[in-house]
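Just so it is clear: chains get the letters A, B, ... in the order the sequence lines come, proteins before strands, and each one is counted from 1.
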Number of protein chains: 2
Amino acid sequence: MTANRKFEEITLSSESVFKGRIISLQVDQVQLPNGGTASREIIRHPGAVAVIPLLEDRMIVVEQYRKPLEKSQVEIPAGKLDPGEEPLQAALRELEEETGYRSEHVKHVSSFYTSPGFADEIIHLYVAEQLVKGEARPDEDEFLECEAITLEQAQQYIREGRISDAKTILAVYAWQLYKLTGQI
Amino acid sequence: MTANRKFEEITLSSESVFKGRIISLQVDQVQLPNGGTASREIIRHPGAVAVIPLLEDRMIVVEQYRKPLEKSQVEIPAGKLDPGEEPLQAALRELEEETGYRSEHVKHVSSFYTSPGFADEIIHLYVAEQLVKGEARPDEDEFLECEAITLEQAQQYIREGRISDAKTILAVYAWQLYKLTGQI
């Protein structure tokens, strides 16, 4: 589909402020549809994948510390795309690295931007079924713990704030809809 | 609930890189659970609200240009918290500013972090029912167009990529679950 450019903001100038290991930051001056100008603070991100790993009536989740929040959170397995990596391959890699599980039954659920107001990060979400157990191999600066939880536990974790990120809440809703409708 | 600090990363130093109109960026050096060190690129954001506005069997959505994506997107009404503003008040304000609708029947659905790996942005999501029509008053640098869509249209928009942000896909799933189970 051609990108819809209604209300397009035309770039007048763009200043690179920061290039980091994971994200970069630029500030663009733009021309608004009414001819006025505004500045836009924009984060560039390489993109990521996430997986809903279903093991019978349970979902595999990982608990890890999230420095921006200064707390540990329970999330579905996820990670950044390596340069040039296909999202499906990245999803299978992250699933195995973080949980030890492999799957040959993986389906794309949806792809979504996490914060379209200030960032271009996109997450490609998959569901993985018929999991086969292998060995987890987290990255060297990654510390996490896996758990297999029921839908009721996932809903309880959301109420308690142990699950509180958009992709995982979205995944729990998708899983509930899958159970109710057979479709994902 | 006390924040869970399993696998805590202790801040060794923190450098402020950028303070913008909306976001700021810092780079922290942290001590990992195994004693090693790593750097963490962290975006600070004031937090935001979003609303699922239900008008009989339709949801009100807004189309606007998202500069980080260089395209126009259909999303639920949303916006940043003003300093000191209560999320519920912000939700009612954004709903009226962007769509012209008011509601006295608003319920909290969930609050979620959009990108916990690199940002502390949180979105407080509400559902608003029994909408009363007033007049839209967008911000001066905000250009948008409202539409009332059915669930089937929302699902079609997701397939077409016209809806492709996490909060709106999450909202469509929540709406579908609400229709199926009566609970939100």
Region of [X] in contact with chain A, defined by heavy-atom distances below 4.5 Å:
X: B/Ala38; value: side chain
X: B/Phe118; value: both
X: B/Glu9; value: both
X: B/Ser39; value: both
X: B/Ile23; value: both

*asked:* Around atom CD of A/Gln156, are there more than 12 heavy atoms from other residues, nucleotides or ligands closer than 6.0 Å?
replied: yes

*Please check if atom NZ in A/Lys107 has more than 12 non-hydrogen atoms from other residues, nucleotides or ligands closer than 6.0 Å.*
no

*Listed by residue number, which members of residues 146-155 of chain B have a heavy atom under 4.5 Å from any heavy atom of chain A?*
none

_Under 4.5 Å from a heavy atom of chain B, the part of A/Ser111 involved_ = backbone

_Structural part of A/Leu125 lying under 4.5 Å from a heavy atom of chain B_ = neither

State, to 0.1 Å, how close [X] and [Y] come at their nearest heavy-atom pair, and which atoms those are.
X: A/Pro46; Y: A/Ile22; answer: CD-O, 3.3 Å
X: B/Phe7; Y: A/Phe143; answer: CD1-O, 3.6 Å
X: A/Thr99; Y: A/Lys133; answer: O-NZ, 2.9 Å

Among [options], which residue has the highest count of heavy-atom pairs closer than 4.5 Å to chain B?
options: A/Ile169, A/Thr168, A/Thr181, A/Leu69; value: A/Leu69
options: A/Arg5, A/Lys67, A/Arg40; value: A/Lys67
options: A/Leu144, A/Ile163, A/Ile122; value: A/Leu144

_Atom pair OG1 (B/Thr37) and CG (B/Asp28), whose distance is rounded to the nearest 0.5 Å_ = 13.0 Å

_Max heavy-atom pair count under 4.5 Å with chain A, selected residue of B/Pro68, B/Pro33, B/Ala48_ = B/Pro68

*When you measure from the side chain of A/Thr11 to the backbone N and O of A/Ser13, does any donor-acceptor pair fall under 3.5 Å?*
no

*Taking B/Asn34 for the side chain and B/Gly36 for the main chain, is one N or O donor matched with an acceptor at less than 3.5 Å?*
yes

